[in-house]
Asker: 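I'd like to ask you about the structure that follows.
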Amino acid sequence: MPEGDTVLQTAARLHEALAGQVLTRSDLRVPRFATADLSGRTVLDVTARGKHLLTRIEGGLTLHSHLRMDGAWRVYAPDERWRGGPGHQIRAILANTEHTAVGYRLPVLELLRTSEEDRAVGHLGPDLLGPDWDPGPALDRLLAAPERPLGEALLDQRNLAGIGNVYKCELCFLARVTPWLPVGALPDGTLPRLVTLAERLLNANRDRPTRTTTITSELRTPPPLGPRTGTGSGSGAGAGAGARTERPRARPAPQPVRVRERLYVYGRARRPCLRCGTPIRLADQDDRPTYWCPGCQSGPTP
């Protein structure tokens, strides 16, 4: 699922394949721009802004695309077979003498003037992976609606740009609160730590081929042991020589467990939590599948 880290990787691949090269072919397969021909123009750069892609082209033009849930850009060598999907899913082709970039299932594709890029991305909050990242404005925007559920607030790109549904679930787990807890009900200090952690996680994954939010070892508390049964010589009703008594056992200490999963909760419905063993739950939040651990995370749930 495309999120800020994977969109940044896509921008880097497109930049390496296209920047500084003259386009020998362009094909925008959306009705509004079907007649636009960018052939003969040089691609200047490709950059990511949150989950948006901006391909800047000679002559003051920008091709703006957004991957949403399942869009993708693929880069191929001249004689390489295209494998991103059937032909009817292709929305854009940009080619030079060395590479061909093909955009599949792009729900957003528009050609605009570079000077007017704010029309496409001006509404975005601070970019978690941007060179000008600033947590202060992001916190201000999140706190502006204290009644809003945390999961919805994190996904709102006007608050901070780059978080998608996977990171939403993982960040709420790491903060030990459910995605339905209102922002204003978070314990003191939690929100600044959460925003800092979001930036750290996305940057840690900006160059990884597979997204990872877990650490290699977790402390997991074993299930409580049953009472210890023995014999004793107590007195009183029901007591006598050889009477069996029950003495509570001490709660087992947490034990280190090697973690082989890459995500704590996302995509793990009904599987045991990596920290407490409780089965992970799944429900929709704003029409998005949302995962949480009822043992580790406090707050309201559906």
Side-chain angles (χ1 to χ4, degrees), residues 1-9 50-51 67-70 125-129 133 135 138-139 142 148-157 159-183 186-187 189-220 257-302:
M1 180 177 294
E3 304 207 18
D5 50 0
T6 49
V7 173
L8 188 74
Q9 293 172 17
K51 296 194 288 183
L67 306 181
R68 293 269 173 89
M69 298 293 286
D70 62 348
D127 187 349
L128 284 156
L129 293 174
W133 161 249
L139 285 169
L142 288 166
R148 194 173 190 189
L150 176 62
E152 293 181 15
L154 290 175
L155 284 181
D156 190 336
Q157 303 300 294
N159 291 330
L160 66 174
I163 293 176
N165 202 42
V166 177
Y167 278 117
K168 176 198 82 171
C169 297
E170 295 296 295
L171 286 166
C172 289
F173 173 81
L174 291 167
R176 304 184 72 86
V177 297
T178 69
W180 292 272
L181 185 72
V183 170
L186 286 167
T190 298
L191 191 61
R193 290 194 297 271
L194 185 63
V195 169
T196 298
L197 179 60
E199 187 270 338
R200 285 175 49 199
L201 279 180
L202 264 74
N203 267 295
N205 284 288
R206 63 187 297 158
D207 297 319
R208 288 175 177 165
T210 305
R211 185 179 296 125
T212 302
T213 62
T214 57
I215 58 178
T216 56
S217 180
E218 286 283 357
L219 288 177
R220 181 181 297 173
V257 176
R258 182 167 179 80
V259 175
R260 302 185 185 277
E261 304 278 354
R262 294 189 177 273
L263 300 174
Y264 282 108
V265 292
Y266 189 86
R268 303 190 66 248
R270 296 181 296 278
R271 297 172 63 189
C273 172
L274 298 177
R275 286 187 172 171
C276 74
T278 303
I280 299 299
R281 297 281 302 279
L282 168 64
D284 278 351
Q285 182 181 39
D286 199 23
D287 295 326
R288 293 173 181 264
T290 298
Y291 301 82
W292 80 99
C293 171
C296 291
Q297 295 171 255
S298 61
T301 58

Asker: Take E3 and N205 through the test side chain to side chain contact (heavy atoms under 4.5 Å, CB included) and record every step on the way to the result.
Answerer: CA-CA 11 Å; E3 304 207 18; N205 284 288; over 6 Å; no
Asker: Determine, for E152 against K168, whether the closest basic-nitrogen to carboxylate-oxygen distance falls under 4.0 angstrom.
Answerer: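 Answer for the salt bridge query: no.
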Asker: Heavy-atom distance under 4.5 Å between the side chains of T214 and T212, does that happen here?
Answerer: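 The answer is yes; the side chains approach within 4.5 Å.
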Asker: Considering all heavy atoms of both residues, which atom of N159 and which atom of A153 are nearest to each other, and what is their separation?
Answerer: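 In this case the closest contact between N159 and A153 is ND2-O, 3.0 Å.
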Asker: Looking at every heavy atom in both A175 and L194, which two are closest together, and how far apart are they?
Answerer: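 Taking every non-hydrogen atom into account, CB-CD1, 3.9 Å.
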Asker: Verify, without hydrogens or angle tests, whether E170 (side chain) and L263 (backbone) share a donor-acceptor contact under 3.5 angstrom.
Answerer: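 Flag not set: sc E170 to bb L263 has no pair under 3.5 Å.
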Asker: Would you indicate whether the side-chain heavy atoms of L160 and L128 approach each other to under 4.5 Å?
Answerer: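 Touching, per the 4.5 Å side-chain cut-off.
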Asker: Any chance you could measure L150, atom CG, to L171, atom CG, to the nearest 0.5 Å?
Answerer: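 Reported value, rounded in 0.5 Å steps: 8.5 Å.
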Asker: Work out which heavy atom in P302 is nearest to a heavy atom in A283; give both atom names and the distance.
Answerer: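 Shortest heavy-atom contact: CG-CB, 3.7 Å.
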Asker: Would you name the heavy atoms of G4 and L202 that are closest together and state the gap between them?
Answerer: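 Closest heavy-atom pair between G4 and L202: CA-CD2, 4.2 Å.
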Asker: Take a 6.0 Å sphere around CZ of R208 and say whether it holds more than 12 heavy atoms from other residues, nucleotides or ligands.
Answerer: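 Atom CZ in R208 is packed in, count exceeds 12.
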Asker: Going from CZ on R270 to CZ on R281, what distance comes out if it is rounded to the nearest 0.5 angstrom?
Answerer: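 Here the interatomic distance stands at 11.0 Å.
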Asker: If you round to the nearest 0.5 Å, how far is CZ of R262 from OG1 of T210?
Answerer: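 Those atoms lie 5.0 Å apart.
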Asker: Do D156 and I163 have side-chain heavy atoms sitting under 4.5 Å apart?
Answerer: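 A side-chain contact under 4.5 Å is absent here.
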Asker: Is the shortest side-chain heavy-atom distance between D127 and W133 below 4.5 Å?
Answerer: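 Of all side-chain heavy-atom pairs linking W133 with D127, none is under 4.5 Å.
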Asker: After noting the C-alpha distance and the side-chain angles of C273 and F173, does the key distance pass the side chain to side chain contact (heavy atoms under 4.5 Å, CB included) rule?
Answerer: CA-CA 10 Å; C273 172; F173 173 81; 3.9 Å; yes
Asker: Report yes if some heavy atom in the side chain of L174 is under 4.5 Å from a heavy atom in the side chain of L201; otherwise report no.
Answerer: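 Answer yes - side chains close enough.
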Asker: Measuring only between side-chain heavy atoms, which start at C-beta, is W180 closer than 4.5 Å to W292?
Answerer: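 They are in side-chain contact.
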Asker: Is the shortest heavy-atom distance from the side chain of L139 to the side chain of P192 under 4.5 Å?
Answerer: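 The answer is yes; the side chains approach within 4.5 Å.
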Asker: Does some side-chain heavy atom of Q9 sit less than 4.5 Å from a side-chain heavy atom of D207?
Answerer: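 They are not in side-chain contact.
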Asker: Which distance, rounded to the nearest 0.5 Å, do you find between the CG of L154 and the CZ of R148?
Answerer: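 Spacing of CG (L154) from CZ (R148) equals 9.5 Å.
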Asker: Donor-acceptor pairs under 3.5 angstrom involving side-chain atoms of residues 293-301: please list them, not counting sequence neighbours.
Answerer:
unit_1: Q297; atom_1: OE1; unit_2: C293; atom_2: N; d: 2.7
unit_1: Q297; atom_1: NE2; unit_2: C172; atom_2: O; d: 3.4
unit_1: Q297; atom_1: NE2; unit_2: V177; atom_2: O; d: 2.7

Asker: Pick out which of I280, T290, T213 makes a side chain to side chain contact (heavy atoms under 4.5 Å, CB included) with V265.
Answerer: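 It is I280, the one option of I280, T290, T213 that forms the side chain to side chain contact (heavy atoms under 4.5 Å, CB included) with V265.
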Asker: Taking atom types as modelled and ignoring hydrogens, do the side chains of N203 and E199 form a donor-acceptor contact shorter than 3.5 angstrom?
Answerer: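 There is such a pair (donor and acceptor under 3.5 Å, judged by atom type) between the side chains of N203 and E199.
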Asker: Could you tell me if R268 sits above the aromatic ring of Y291, with its cationic atom closer than 6.0 Å to the ring centre and no more than 45 degrees from the axis?
Answerer: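 Output no; distance or angle outside limits.
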Asker: Ignoring hydrogens, what is the shortest heavy-atom contact between P289 and L282? Give both atom names and the distance.
Answerer: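 That closest heavy-atom pairing would be CB-CD1, 3.9 Å.
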Asker: Can a donor-acceptor pair be found, under 3.5 Å and without considering hydrogens, that links the side chain of Q157 to the backbone of K51?
Answerer: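 Looks like no, no N/O pair under 3.5 Å.
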Asker: Does T196 offer a backbone N or O that forms a donor-acceptor pair with the side chain of R200 under 3.5 Å?
Answerer: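 Side chain of R200 to backbone of T196: no pair is present.
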